[in-house]
Protein chains: 2
Amino acid sequence: MANKAAPDASRRSERSRRAIFDAALSLVGEVGYDKLTIEGIASRAGVGKQTIYRWWPSKAAVLLDAFTAGVDEYSTQGLPDTGDLAADLKSVLRATADEFNDPVFQAPYRALAAAGANDEELSRTFVARLMEPGTLVYVERLRAAQEAGEVAAGIDVRVAVEMLLSPFSQRWLMRTGELTYDYVDTLVDLVLRGLRPRD
Amino acid sequence: MANKAAPDASRRSERSRRAIFDAALSLVGEVGYDKLTIEGIASRAGVGKQTIYRWWPSKAAVLLDAFTAGVDEYSTQGLPDTGDLAADLKSVLRATADEFNDPVFQAPYRALAAAGANDEELSRTFVARLMEPGTLVYVERLRAAQEAGEVAAGIDVRVAVEMLLSPFSQRWLMRTGELTYDYVDTLVDLVLRGLRPRD
DNA sequence: GCATTAAGACGATACGTCTCGCCTTACCCG
DNA sequence: CGGGTAAGGCGAGACGTATCGTCTTAATGC
């Protein structure tokens, strides 16, 4: 089934790979995703086009790998658990807001989210590699809170996390509002209001 | 400041305009947004390319107008108010789920959401013309419920609506889950749990 | 030595502009 | 009013540029 005579990865140039990532990330910030071209990346990276086509199927795939490579350095540690659920969620979401407000982060992430909307396979990879890990730490934190009795027993934790993260993402992606600390706090408080056990 | 000698709208061909809309909508469903081209639209519509370039700045703008023209026929009536808030929200969100699960609806809406992520001006128009009107009816319904004492007084209704609609949109856009009636019901119940007044 | 590499030629599309007559429309004048 | 005319939109498609994805070549480096 080995389609298309897979190239020999052991002989791959790490130098070129990194140069391609750097070029892709800087170019997407400068010219935007629509005007990002494989030829442009190859040229800035000092790399032959074939080197890109050999290893990636699309510019979106290049960008996804480039972005992931940059993000993987942050190893996800799980959310803090100080015992104060609201405070923990707020502090992490505030940090995430700072990240999403950072121009360097914005261009590639927006581009990937957009490309994913029209490309089912890409969206699955995007979700699995970038969104899901970030979501899971919230799920775990909420589950811990649930076991501690801070969150009502019957609640679907997964949906609760969506209620927290989706408004945040949506606001940012569609530019329907600013991601301020105030907003984050309001959101956390309102979500938690619905999660607390009733007496 | 009239840039570029604006064309005379009074002499515009309604026939061509409609043909362009039809062609754009059917083509985006057939070949997808990435492979949708102005030339393709012009060709299928039996229209000169210049006729498209004269009236729209981009294929995204064409699609937005085409889609909006189709949707505008649904005049938004506001949400039902039977007195049972949960039931009202569930019935409308279920209908929306059906709509979002409809293939005819999916391709253009996905394409526009994606294009908006990378194009700030387009996203503002997209939000203002398609999302905001739909959001407002929820805001109004919740405000009515708030006045009726069904929703606690201090709550930011706008954020509450985001908690309801964003998880729904996000799930659909990123394909992180199915939009089932069960899901809709769970979401409505969990959101409302946080909105109810405490004794 | 052999597969990957940088460089770029290549044909195929699609871009956005332009030019060409044709045709419709707005509006003027009788 | 209502016919005539000029302006401008119209369909068609040629044009030069840009990028696509493939292919060829010679150099490189493991």
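For the numbers below, each heavy atom of this structure counts, side chains included, while hydrogens, waters and symmetry mates do not. Reminder, nothing fancy here: chain letters follow the sequence lines and each chain counts from 1.
- A side-chain N or O of A/Tyr181 and one of A/Asp98 form a donor-acceptor pair less than 3.5 Å apart.
- Toward the 5′ end of DNA chain D lies the nearest nucleotide of B/Ala9, the other residue of the pair A/Leu36 and B/Ala9 mapping further downstream.
- Atom pair B/Glu39:CD and D/dG11:C1' shows a separation of 14 Å (rounding to whole Å applied).
- Here B/Gly40 lies out of heavy-atom contact (under 4.0 Å) with every strand.
- Between A/Asp34 atom CG and D/dC20 atom P the separation is 12 Å, expressed in whole Å.
- Put simply, CD1 on A/Ile38 is 14 Å from C1' on D/dA18, counting in whole angstrom units.
- Note on B/Arg143 versus B/Glu147: no salt bridge recorded, every NZ/NE/NH1/NH2 to OD/OE distance being 4.0 Å or above.
- Backbone-only engagement by B/Ser10 is indicated by non-hydrogen atom pairs under 4.0 Å involving sugar-phosphate atoms exclusively.
- Side-chain contact check for A/Asp88 and A/Thr82: at least one donor-acceptor pair (N or O, by modelled atom type) lies under 3.5 Å.
- Atoms CZ (B/Arg54) and P (D/dA12) sit 14 Å apart, rounded to a whole Å.
- The CD1 atom of B/Ile41 sits 12 Å away from the C1' atom of C/dA14 (whole-angstrom rounding).
- A salt bridge is defined here as a Lys NZ or Arg NE, NH1 or NH2 lying under 4.0 Å from an Asp or Glu carboxylate O, and A/Asp65 with A/Arg17 fails to meet this definition.
- In the interface, the side chain of A/Arg11 is not paired with the base of C/dT4 through any donor and acceptor atom under 3.5 Å apart.
- At whole-Å resolution of the value, CG in A/Asp8 and P in D/dG29 are 17 Å apart.
- Side-chain atoms of B/Tyr183 and A/Glu162 include a donor-acceptor pair closer than 3.5 Å.
- Regarding contacts with the backbone of C/dT24, every side-chain N or O of B/Ser13 stays at 4.0 angstrom or more from both OP1 and OP2.
- Between A/Trp55 and B/Pro57, it is A/Trp55 whose nearest contact on DNA chain C lies nearer the 5' terminus.
- Atom C1' of nucleotide D/dG13 and atom OH of B/Tyr53 are separated by 13 Å, given to the nearest angstrom.
- The nearest whole Å value for the distance from the CD1 atom in B/Ile52 to the P atom in C/dA14 is 14 Å.
- Each of B/Thr37 and B/Gln50 was assigned the nucleotide of DNA chain C with the nearest heavy atom; the assignment lying further toward the 5' end belongs to B/Thr37.
- Counting distance only, with no hydrogens placed and no angle test, the side-chain atoms of A/Lys49 and the base atoms of D/dG21 include a donor-acceptor pair under 3.5 Å.
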